[in-house]
Number of protein chains: 2
Amino acid sequence: MPIKKNKTRYVILGLLNEEHLSGYEIKRIIDTRLSFFWSESFGQIYPQLKELETEGLIAAFHQPDSNSKASKKYTITDQGKEELQQWLMIPVEKEIIRYEVLLKLYFSNAASSDIMLEHIKEFELNHNKQRKLFEKFEEQLKQDIDVHGNHRQVLMVLAFGQKVWESYASWCKETIKSLEDISANPENSDKGAD
Amino acid sequence: MPIKKNKTRYVILGLLNEEHLSGYEIKRIIDTRLSFFWSESFGQIYPQLKELETEGLIAAFHQPDSNSKASKKYTITDQGKEELQQWLMIPVEKEIIRYEVLLKLYFSNAASSDIMLEHIKEFELNHNKQRKLFEKFEEQLKQDIDVHGNHRQVLMVLAFGQKVWESYASWCKETIKSLEDISANPENSDKGAD
DNA sequence: CGGCGCATGTAACTTGTTACATGATTCC
DNA sequence: GGAATCATGTAACAAGTTACATGCGCCG
């Protein structure tokens, strides 16, 4: 039974399947290219690299000629490639999505409209930042077209991000307007008492 | 320093702020009304209820007249209400979103198009189910209008779901088409050989 | 009276974050 | 030589899931 629940291992295998990388580089790539749908911490990556090496799914080598930083790089092994392929085939587990901002909004009322406005604006800002990150990646991708054999698949993933962001942006706009409305006329909190 | 990281406590406080509920009922509500943006397991809820009671933020009482199942119900205390309000005010933490389906798609290639098709179709199906759940809730909400004072806020949250769901649906449709295309013409994997 | 669904709870485990320790290199 | 950044790693903790144990009431 080779398939484990832990997803970190598969992100690592997936990235190493394209190029040789160090732990630090893996983290950097996740934080840029994958950031809009995935995240990992160093505390997950380094121990996992160790484990994968022990299991023989990846192999470490030291940059031989490196005049600068001698970082420990990893390659995927044939066994690792096989496990990656097997993981790709098994069904996706239930998505666990948690939007704290929605939770707060859900439990808020007219009295907290000002605060919610802040939260939504923050949400908007963050997703704009993320959007810029991903547009950068998209440009990169268009330049060195087909470096990876999964060029089209990556574009599909980017399309997801684009669509979802558009709905975020449109929702933020609408919601900010509604909240400003409530803030301006707090007494009109339902159908117009008074 | 009253504010803790643990979000389960705030979901519980938020729900109890509207009505008296048992642990089981809390779980059921999260699984229906909040399911599209939140989830909790019994293993989180029951111990948390205990802790909140110890801290005096909620109080337990047994249904007195209950001829049927005597479930332990909880009420929020004034102290609990205060902590809830305080939590509402503090900024939202970075959203941690993990779409396993995108990860798989990202690491896949032309050879695994058939499998990815399965995954995306599954994703589509799940979100259709979720949509039905929330449409049910929306109807309910429209019937007993303004039972809660946060009627408008709940509608904003639902609007989020609706928008995001629409982008999911549209993305699934497009992506399924693309993948079927690749599946049908695997040799045409980039700009059209042959 | 046996099984099923409701209901509460706990323990073991896995997963994930945070804070810290360490050292090398680069830039001022 | 001191600060910043690159880079690797670990230990302690927090969060979350799963599987299990238990008991009650209802239905056939």
Side-chain angles (χ1 to χ4, degrees), chain A residues 1 3-12 15-16 20-32 34-35 37-54 58 60-63 65-74 87 92-98 100 103, chain B residues 1 3-12 16 20-32 34-35 37-54 58 60-63 65-74 87 93-98 100 103:
Chain A
M1 61 209 78
I3 300 302
K4 298 200 182 168
K5 286 226 151 186
N6 190 326
K7 312 271 164 61
T8 309
R9 55 193 288 120
Y10 302 109
V11 192
I12 294 175
L15 291 176
L16 290 182
H20 300 160
L21 295 166
S22 67
Y24 198 81
E25 288 171 320
I26 287 170
K27 168 73 170 151
R28 191 155 29 78
I29 288 177
I30 293 170
D31 285 350
T32 53
L34 313 191
S35 68
F37 66 91
W38 206 262
S39 61
E40 292 291 347
S41 63
F42 280 124
Q44 293 269 100
I45 292 170
Y46 283 116
Q48 196 53 233
L49 281 169
K50 214 179 186 180
E51 202 182 316
L52 285 168
E53 198 187 357
T54 312
I58 64 175
F61 65 96
H62 282 273
Q63 212 71 330
D65 62 326
S66 67
N67 45 1
S68 60
K69 345 261 169 88
S71 65
K72 202 202 280 185
K73 298 236 178 187
Y74 291 91
W87 173 73
V92 172
E93 286 173 48
K94 202 190 155 303
E95 313 279 352
I96 297 172
I97 302 296
R98 284 178 154 204
E100 194 190 332
L103 202 59
Chain B
M1 61 209 77
I3 299 302
K4 299 202 183 167
K5 286 225 148 186
N6 192 326
K7 312 271 164 61
T8 309
R9 56 193 287 120
Y10 303 109
V11 192
I12 293 175
L16 290 182
H20 300 160
L21 294 167
S22 67
Y24 199 82
E25 288 170 320
I26 287 170
K27 168 72 170 152
R28 193 156 28 78
I29 288 178
I30 293 171
D31 284 351
T32 54
L34 313 191
S35 68
F37 66 91
W38 206 263
S39 61
E40 292 291 348
S41 63
F42 281 123
Q44 295 267 101
I45 292 170
Y46 283 116
Q48 198 53 233
L49 281 168
K50 213 179 186 180
E51 202 183 314
L52 284 168
E53 199 187 356
T54 311
I58 64 175
F61 65 96
H62 281 272
Q63 210 70 331
D65 62 327
S66 69
N67 46 2
S68 60
K69 343 261 169 86
S71 64
K72 201 201 281 184
K73 297 237 181 188
Y74 292 91
W87 173 73
E93 287 174 48
K94 200 191 157 300
E95 313 278 352
I96 297 172
I97 302 296
R98 284 178 152 204
E100 195 191 331
L103 203 58

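OP1 and OP2 of C/dA7 both lie 4.0 Å or more from every side-chain N or O belonging to B/Ser22. Here A/Ser41 does not reach the OP1 or OP2 of C/dT18: none of its side-chain N or O atoms lies under 4.0 Å away.
The line from CD of A/Glu40 to CD1 of A/Ile30 is 5.0 Å long, rounded to the nearest 0.5 Å. Rounded to the nearest 0.5 Å, atoms OG (A/Ser39) and CD (A/Gln44) are 9.5 Å apart. For the atom pair B/His20 NE2 and B/Ile58 CD1, the distance stands at 11.5 Å (nearest 0.5 Å). Here A/Ile29 contributes atom CD1 and A/Ser35 contributes atom OG; the two are 12.5 Å apart, rounded to the nearest 0.5 Å.
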- Intermediate values then yes/no, side-chain contact (heavy atoms from CB on, under 4.5 Å), A/Gln48 and A/Lys7: CA-CA 10 Å; A/Gln48 196 53 233; A/Lys7 312 271 164 61; over 6 Å; no

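In this entry the distance linking CD of A/Glu40 with C1' of C/dT18 reads 15 Å, nearest Å. To the nearest angstrom, C1' of D/dG16 lies 15 Å from NZ of B/Lys5. Atom P of nucleotide C/dT8 and atom CG of B/Leu49 are separated by 9 Å, given to the nearest angstrom. To the nearest angstrom, P of C/dG16 lies 10 Å from CD of A/Gln48. For B/Lys72 and C/dT8, the NZ to P distance is 8 Å, given to the nearest whole Å. Note: CD1 (A/Ile26) to C1' (D/dC6) measures 15 Å, nearest angstrom. C/dT18 atom P lies 10 Å from atom NZ of B/Lys94, rounded to whole Å. Atom CD in A/Gln44 sits roughly 13 Å away from atom C1' in D/dG16 (whole-Å rounding).
Using a 4.0 Å heavy-atom distance criterion, B/Lys7 is classed as making no nucleic acid contact.
Between B/Tyr74 and A/Ser39, the residue anchored nearer the 5' end of DNA chain C, judged by the nucleotide with its closest heavy atom, is B/Tyr74. Of the residues near DNA chain C, B/Gly23 and B/Arg98, the one whose nearest nucleotide (by heavy atom distance) lies more toward the 5' end is B/Gly23.
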Can you give me the N/O atom pairs linking the protein to nucleotides 10-13 of chain C at distances under 3.5 Å, or say none if there are none?
from, atom 1, to, atom 2, distance (Å)
C/dT10, OP1, B/Lys50, NZ, 2.7
C/dT10, OP2, B/Lys50, NZ, 3.4

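If you check D/dT17, D/dA15, C/dT8 against the side chain of B/Tyr24, the one that comes closest is C/dT8. Across D/dA7, D/dG9, D/dG16, the shortest atom-to-atom separation from the side chain of A/Arg28 is found for D/dA7.
In this structure, the side chains of B/Leu49 and B/Ile26 come closer than 4.5 Å at one or more pairs of heavy atoms.
A donor-acceptor contact shorter than 3.5 Å links the side chain of B/Thr54 to the backbone of B/Lys50.
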